[in-house]
Amino acid sequence: MTIREQELQVCKKLKTLREEKKLSQLELSMASDVSQNMIAYIENGKRTPTLATLLKLCSALNINPSVLFEDSDEQIGKIKKLLHEYIDRFVR
């Protein structure tokens with residue numbers, strides 16, 4: 001996965017977590033002191049948040065920043081499949 005793909009994954013995860021907490025962009029903006037426009041840009045992948053901005057958003061969402069970087073179940077499944085293929089190839 002490229003750096004840009006990872007950035008987009010983090011941005012998408014931020015949006016998902018905000019929606020799960022039933023917060024609007026405006027509510028998150030007021031709680032985090034990050035402009036609503038910046039939140040929209042981040043969620044749409046048009047801007048990459050700085051570390052300071054990420055920390056503000058995570059604090060307002062009451063989440064540990066590490067959850068933004070966790071692999072999805074789909075990605076874990078792909079990695080497991082790839083590992084099994086490698087193991088099968090070298091065991092034979």
Other hydrophobic cluster members with Ile3, side-chain heavy atoms of Ile/Leu/Val/Met/Phe/Trp/Tyr under 4.5 Å, chained? none
Would you indicate whether Asn62, at its atom CG, is surrounded by more than 12 heavy atoms from other residues, nucleotides or ligands within a distance under 6.0 Å? no
Close side-chain approach of Val34 and Leu28, heavy atoms under 4.5 Å: no
Looking at side-chain heavy atoms only, is the closest gap between Leu14 and Ile39 below 4.5 Å? no
All N/O donor-acceptor pairs, side-chain side in residues 44-52, below 3.5 Å, sequence neighbours left out:
from: Asn44; atom 1: ND2; to: Ala40; atom 2: O; distance (Å): 2.9
from: Thr48; atom 1: OG1; to: Glu7; atom 2: OE1; distance (Å): 3.4
from: Thr50; atom 1: OG1; to: Thr53; atom 2: N; distance (Å): 3.1
from: Thr50; atom 1: OG1; to: Thr53; atom 2: OG1; distance (Å): 3.0

Which ILVMFWY residues can you reach from Tyr41 by hopping between side chains whose heavy atoms are under 4.5 Å apart? none
Could you pull out all residues at least two apart from Ser59 that satisfy side chain to side chain contact (heavy atoms under 4.5 Å, CB included)? none
Leu26: which other cluster members, linking ILVMFWY side chains closer than 4.5 Å, directly or transitively? Met30
Reported OG-to-CD distance for the pair Ser32 and Gln25, which is rounded to 0.5 angstrom: 10.5 Å
Does any N or O in the side chain of Thr16 come within less than 3.5 Å of the main-chain N or O of Lys12, such that one atom is a donor and the other an acceptor? yes
Side chains of Asn37 and Ser35: any donor to acceptor distance under 3.5 Å? no
Shortest non-hydrogen pair, Glu27 vs Lys22, comes out as OE1-O, 3.8 Å
Cys58 and Pro65 have their tightest heavy-atom pair at SG-CA, 3.7 Å
For the hydrophobic clusters of this structure (ILVMFWY residues joined by side-chain heavy atoms under 4.5 Å, transitively), does one cluster hold both Ile42 and Ile63? yes
For a 4.5 angstrom cut-off between non-hydrogen side-chain atoms, does Leu17 reach Leu68? yes
Spacing of Leu54 atom CG and Cys11 atom SG [to the nearest 0.5 Å]: 7.5 Å
On a heavy-atom basis, the closest approach of Asp33 and Lys56 is O-NZ, 3.9 Å
Apply side chain to side chain contact (heavy atoms under 4.5 Å, CB included) to Glu19 and list each qualifying residue two or more places apart in sequence or on a separate chain. Lys15
